[in-house]
Q: 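My questions will all concern the structure given below.
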Amino acid sequence: MRHRTAGKKLGRSPAHRRALLRNLVTELLEREAVKTTDAKAKELKRWGDRLITLGKAGTLHARRRAAGLVQRASVVRKLFAELGPRYAARTGGYTRVVKLGTRPGDAACISLVELVDRRGAGADAAGKKKAPRRKAAAKGEQGAGTPRRRAAAG
């Protein structure tokens, strides 16, 4: 039984698992979106949310705790300068997991882990609407300037 045991093992030793999740959370905070398998995505969501909570705190102790997990100092600066203030009004749920389907090579389930208010993701999609598709009024209008290629009938 797994009473009071948090986190998945992911088929790795503890050191390998910690290194994997440190790399993933660093990439998540740097790029604001990471594509990975479902099990890793669910675990990454926990780590990412905790680090953004540290970024919101903004104290020296929180900065040192984040620097102990995140691989690059530039990402720690981004966490406390940009991400912490961006999520200051939000009480939790800073990341979302979107299932994408299966990977062609081994049929593993793939997910996208992204920050909720990511720059350029929701603003572009929500702000612009697709132009409605025009129905061709006349058949002669279908490509007046472009020649049609026809398969050679043998």
Side-chain angles (χ1 to χ4, degrees), residues 1-137 142-143 146:
M1 287 188 240
R2 292 178 52 92
H3 292 305
R4 298 183 61 164
T5 304
K8 297 288 183 189
K9 291 186 178 181
L10 301 174
R12 290 164 171 80
S13 67
H16 188 188
R17 184 170 53 246
R18 181 174 164 85
L20 168 80
L21 290 169
R22 286 179 68 187
N23 288 330
L24 280 173
V25 80
T26 301
E27 291 302 314
L28 174 67
L29 295 176
E30 184 177 22
R31 299 181 183 180
E32 301 187 6
V34 174
K35 200 186 307 185
T36 185
T37 60
D38 282 355
K40 290 179 202 169
K42 289 176 186 176
E43 193 64 22
L44 175 60
K45 181 176 171 49
R46 293 177 61 233
W47 283 51
D49 284 351
R50 288 179 183 180
L51 279 172
I52 292 175
T53 303
L54 288 177
K56 283 173 52 177
T59 62
L60 178 62
H61 180 59
R63 187 176 291 269
R64 286 179 175 165
R65 285 182 60 195
L69 284 174
V70 176
Q71 300 282 6
R72 289 187 280 284
S74 61
V75 178
V76 175
R77 282 192 295 272
K78 178 181 178 180
L79 175 64
F80 285 89
E82 294 177 27
L83 300 178
R86 186 190 308 175
Y87 296 107
R90 186 180 283 268
T91 57
Y94 313 111
T95 56
R96 90 168 48 98
V97 177
V98 180
K99 298 195 179 200
L100 298 178
T102 57
R103 187 163 50 200
D106 59 355
C109 295
I110 298 296
S111 292
L112 177 75
V113 182
E114 63 181 353
L115 298 181
V116 173
D117 296 331
R118 181 164 63 120
R119 274 182 294 175
D124 294 338
K128 296 179 184 176
K129 287 189 176 179
K130 274 188 176 178
R133 294 183 67 172
R134 261 184 48 196
K135 292 184 179 177
Q142 281 181 354
T146 59

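Here, residue 1 is the first one in the sequence, and each next residue gets the next number.
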Q: How long is the gap from OG1 on Thr59 to CG on Leu54, to the nearest 0.5 Å?
A: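 Between Thr59 OG1 and Leu54 CG, I get 8.0 Å after rounding to 0.5 Å.
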Q: Between CZ of Arg118 and CZ of Arg31, what distance do you get to the nearest 0.5 Å?
A: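 One gets 12.0 Å once the value is rounded to the nearest 0.5 Å.
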Q: Check step by step if side chain to side chain contact (heavy atoms under 4.5 Å, CB included) holds for Lys78 and Glu32.
A: CA-CA 11 Å; Lys78 178 181 178 180; Glu32 301 187 6; 3.2 Å; yes
Q: Which pair of heavy atoms, one from Ala66 and one from Phe80, lies closest together, and at what distance?
A: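 Between these two residues, the closest heavy atoms are CB-CE1, 3.8 Å.
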Q: Flag the pair Leu28 / Trp47 as yes when at least one side-chain heavy-atom distance between them is below 4.5 Å, and no otherwise.
A: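 Answer no - side chains too far apart.
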Q: Taking C-beta and beyond as the side chain, do Asp117 and Arg90 meet within less than 4.5 Å on heavy atoms?
A: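 Side-chain contact under 4.5 Å: yes.
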Q: Output yes when a side-chain donor or acceptor of Arg17 lies under 3.5 Å from a complementary backbone atom of Lys9, and no otherwise.
A: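 Indeed, once roles are kept as given, a pair shorter than 3.5 Å links the two residues.
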Q: Going by side-chain hydrogen bond (donor to acceptor under 3.5 Å, both in side chains), Tyr94 matches just one of Arg50, Arg86, Lys56, Lys45. Which one?
A: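 Answer to the side-chain hydrogen bond (donor to acceptor under 3.5 Å, both in side chains) test with Tyr94 among Arg50, Arg86, Lys56, Lys45: Lys56.
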Q: Near Arg64 CZ, under 6.0 Å, is it more than 12 heavy atoms from other residues, nucleotides or ligands?
A: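 Not more than 12 within 6.0 Å, no.
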Q: Kindly say whether His3 contributes a backbone atom to a donor-acceptor pair with the side chain of Thr5 at under 3.5 angstrom?
A: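 A pair under 3.5 Å: yes.
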Q: Find the distance between NE2 (His16) and CG (Leu21) and round it off to the nearest 0.5 Å.
A: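 One gets 9.5 Å once the value is rounded to the nearest 0.5 Å.
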Q: So does Arg46 pair up with Glu43, basic N to acidic O under 4.0 Å?
A: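 Looking at Arg46 and Glu43, the cut-off is met.
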Q: Within a reach of under 6.0 Å around CZ of Arg65, are more than 12 heavy atoms found that belong to other residues, nucleotides or ligands?
A: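 No, because the 6.0 Å sphere around CZ of Arg65 holds 12 heavy atoms or fewer from other groups.
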Q: Could you tell me the separation between the CG atom of Leu79 and the CG atom of Leu69, rounded to the nearest 0.5 Å?
A: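 Between Leu79 CG and Leu69 CG, I get 10.5 Å after rounding to 0.5 Å.
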Q: Is a donor on one side and an acceptor on the other found under 3.5 Å between the side chain of Asp49 and the backbone of Thr95?
A: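 Yes; judged by distance alone, with no hydrogens or angles, the pair exists.
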Q: Stepwise, does the side chain to side chain contact (heavy atoms under 4.5 Å, CB included) test hold for Ile110 with Thr37?
A: CA-CA 4 Å; Ile110 298 296; Thr37 60; 4.2 Å; yes
Q: Minimum heavy-atom separation for Leu115 and Tyr87, please, with both atom names.
A: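 That closest heavy-atom pairing would be CB-OH, 3.2 Å.
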Q: Compare every heavy atom of Ala81 with every heavy atom of Pro85, then report the nearest pair and how far apart it is.
A: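 Shortest heavy-atom contact: CG-O, 3.3 Å.
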Q: To the closest 0.5 Å, what do you measure between CG (Leu29) and CD1 (Ile52)?
A: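 Result: 6.0 Å between the selected atoms.
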Q: Under 4.0 Å between a Lys/Arg side-chain N and an Asp/Glu carboxylate O for Glu114 and Lys35?
A: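 Between Lys35 and Glu114 there is no salt bridge, as every charged N stays at least 4.0 Å from the carboxylate O atoms.
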Q: Is Lys42 atom NZ crowded by more than 12 heavy atoms from other residues, nucleotides or ligands, each under 6.0 Å away?
A: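 No, the 6.0 Å shell around NZ holds no more than 12 heavy atoms from other groups.
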Q: What closest approach, in Å, do Ala41 and Val113 show between heavy atoms, and which atom pair accounts for it?
A: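 Taking Ala41 first and Val113 second, the nearest heavy atoms are CB-CG2, 3.4 Å.
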Q: Which pair of non-hydrogen atoms, one from Val25 and one from Leu51, has the smallest distance, and what is that distance?
A: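 Smallest heavy-atom distance, with atoms named: CG2-CD1, 3.5 Å.
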